[in-house]
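Comments concern the structure below.
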Amino acid sequence: MRDSNADDLAAMADLLTPLAIRVAATLRLADHMAAGVTTGTGLAKKVDAHPATLKKLLRYLVSRGIFRWSEEGGYEVTELGAPLLDDAPGSVRRRLSMDGLLGLAELGLVGLLHTVRTGEAGYKAAFGRDFWQDVSDVPDDANVLADEVASGLAGDGRLIVHTYDWSGVRRVMDVGGGNGTLLIELARTHPHLHGAVLDLPGMARAAAQRIERSGLGDRCEAIEGSFLDPIPPGCDVYLLSAILCDWPDDDAVKILRRCGDAAGPDGRVLVADMNLIYDDDTDAARMNLLLTGTVPVPVRTLKQLKRLGAAAGLELSWEGPTTRRRTLLEFRAH
């Protein structure tokens, strides 16, 4: 007699199906089928794949209901597989692509055993490289498409836009601001604001493109740079949104100190860090474990964040509300 629990558990632990789907997403197989390339040989040529092996992948994905095969039409995308199309409502192709930022992070979970044994991020143990080095090397188009990772409004980012008092702020710098989503929302909501995104070259270029498309080029800009290096001065607020959670204490203090130096005695450092301590929430528990396997310190308490600020020579000047996903703290230089 078969144990249904054992079958369910084995199905949950299956690696082949998610990896096969991610390969299909990375190779954009659904989009090529929709464009009329429907044979295994044609698809292999289109995506520069080994023909016989790609046909095995296609047959497997047919068996899982992602694609279908007919002698008349060749390979087609099913209703289940439709979200693999780039232009589908709720498309997951970019999210699942192995050459995008989220795809990189999730692939690093193969080092989860190392993480559980040591408390260290398993990404480097799995690939021999730091996650943020890979992020800096991701092609521009992948960075542009990594909205789910780079979006400043994910994880209660709206708290930053609507809870903090921006009325007296003339210029803000979103330090490590990714593709510019948060800065754009700030500028749209508060028309008096001018600002800049500071990030690695690929992300800065992605932010510049989004800013230009949003029609905010007269008030916003993107600057290439690293927050571990000296940061350009001249802004009233230096915003760190979900940045410190990616770095160990020594680096986090260095980042805060760089922001404090740039802000000077009249500026402020606004820390909007991740707060995922509610492990009874399934989404928070998943994200907490995912981040732990990818980056060094995914979650800090309010008390720990305040200590980091003090270690960087900053004084807490305002404390905003804490949600299930965000903290909000303002610091000033002594």
Side-chain angles (χ1 to χ4, degrees), residues 150-153 155-200 203-204 207-208 210-212 214-245 247 252-274 302 305-306 308-322 326-334:
S151 171
L153 299 186
D156 282 3
R158 295 185 187 278
L159 187 75
I160 304 165
V161 177
H162 298 290
T163 302
Y164 188 67
D165 182 8
W166 295 100
S167 60
V169 178
R170 180 185 59 86
R171 183 172 173 81
V172 57
M173 179 173 289
D174 190 357
V175 180
N179 66 3
T181 298
L182 179 53
L183 178 64
I184 290 168
E185 185 68 15
L186 280 168
R188 284 174 173 166
T189 306
H190 306 284
H192 69 284
L193 270 181
H194 290 67
V197 168
L198 175 76
D199 214 312
L200 298 172
M203 278 297 187
R210 290 177 65 100
I211 289 169
E212 190 64 30
S214 70
L216 293 168
D218 59 330
R219 289 195 286 133
C220 299
E221 63 177 327
I223 300 172
E224 295 184 9
S226 168
F227 43 55
L228 294 173
D229 298 326
I231 295 172
C235 292
D236 304 303
V237 171
Y238 288 82
L239 171 62
L240 291 167
S241 176
I243 298 298
L244 300 183
C245 58
W247 298 90
V253 169
K254 183 176 182 180
I255 294 165
L256 284 166
R257 189 174 289 122
R258 294 293 195 195
C259 289
D261 290 344
D266 298 322
R268 288 158 278 173
V269 179
L270 183 62
V271 176
D273 218 51
M274 301 302 291
L302 275 172
L305 287 170
K306 292 173 183 177
L308 290 178
L314 303 175
E315 181 178 2
L316 182 68
S317 51
W318 177 79
E319 182 175 332
T322 297
R326 285 279 182 160
T327 58
L328 200 57
L329 301 171
E330 179 196 85
F331 295 94
R332 291 180 183 267
H334 285 305

Nearest 0.5 Å, please: how far is [atom2] in [Y] from [atom1] in [X]?
{"X": "Arg210", "Y": "Met203", "atom1": "CZ", "atom2": "CE", "answer": "10.0 Å"}
{"X": "Ser241", "Y": "Leu328", "atom1": "OG", "atom2": "CG", "answer": "9.5 Å"}
{"X": "Thr189", "Y": "Ile160", "atom1": "OG1", "atom2": "CD1", "answer": "12.0 Å"}
{"X": "Leu314", "Y": "Leu329", "atom1": "CG", "atom2": "CG", "answer": "11.5 Å"}
{"X": "Leu183", "Y": "Asp174", "atom1": "CG", "atom2": "CG", "answer": "6.0 Å"}
{"X": "Cys220", "Y": "Ile211", "atom1": "SG", "atom2": "CD1", "answer": "5.5 Å"}

* **Listed partners of Phe227 passing ring pair (Phe, Tyr, Trp, His ring centres under 6.0 Å), at least two apart** => Trp247
* **Those residues that, when tested against Glu319, pass side chain to side chain donor-acceptor pair (under 3.5 Å) (two or more places apart)** => Lys306
* Structure fact -> Residues at least two apart in sequence or cross-chain that pass side chain to side chain donor-acceptor pair (under 3.5 Å) with Arg170, listed by chain then number, are none
* Residues that Ala262 engages under side-chain contact (heavy atoms from CB on, under 4.5 Å), provided they are two or more places apart -> Ile231, Tyr238
* **Pairing residues for His190 by the side-chain contact (heavy atoms from CB on, under 4.5 Å) criterion, not counting sequence neighbours** => Val161, Trp166, Leu186, His192, Leu193
* Asked: Under the salt bridge (Lys or Arg N to Asp or Glu O under 4.0 Å) test, which residues partner Arg171, sequence neighbours left out?
  -> Glu221
* Structure fact -> Taken in chain and number order and not counting sequence neighbours, the residues that satisfy salt bridge (Lys or Arg N to Asp or Glu O under 4.0 Å) with Glu224 are Arg205
Sub-4.5 Å side-chain heavy-atom contact between [X] and [Y]:
{"X": "Tyr164", "Y": "Val237", "value": "yes"}
{"X": "Val175", "Y": "Val269", "value": "no"}
{"X": "Leu182", "Y": "Leu239", "value": "yes"}

Closest non-hydrogen atom pair, [X] against [Y]:
{"X": "Gly264", "Y": "Ala333", "answer": "O-CB, 3.9 Å"}
{"X": "Gly217", "Y": "Glu212", "answer": "CA-OE1, 4.4 Å"}
{"X": "Ala196", "Y": "Ile223", "answer": "CB-CD1, 4.0 Å"}
{"X": "Ala222", "Y": "Ala207", "answer": "CB-CB, 4.0 Å"}
{"X": "Ala187", "Y": "Leu216", "answer": "CB-CD1, 3.9 Å"}
{"X": "Leu200", "Y": "Ser226", "answer": "CD2-CB, 4.5 Å"}

* Asked: Do any pairs count as a salt bridge (Lys or Arg N to Asp or Glu O under 4.0 Å) and have a residue in residues 256-271, sequence neighbours left out, and if so which ones?
  -> Arg268-Glu330
* Asked: Under 3.5 Å, is there a donor-acceptor pair between the side chain of Arg326 and the main chain of Leu159?
  -> no
* To do: Output, in order, the C-alpha distance, side-chain angles, deciding distance and verdict of side chain to side chain contact (heavy atoms under 4.5 Å, CB included) for Leu240 and Asp273.
  => CA-CA 7 Å; Leu240 291 167; Asp273 218 51; over 6 Å; no
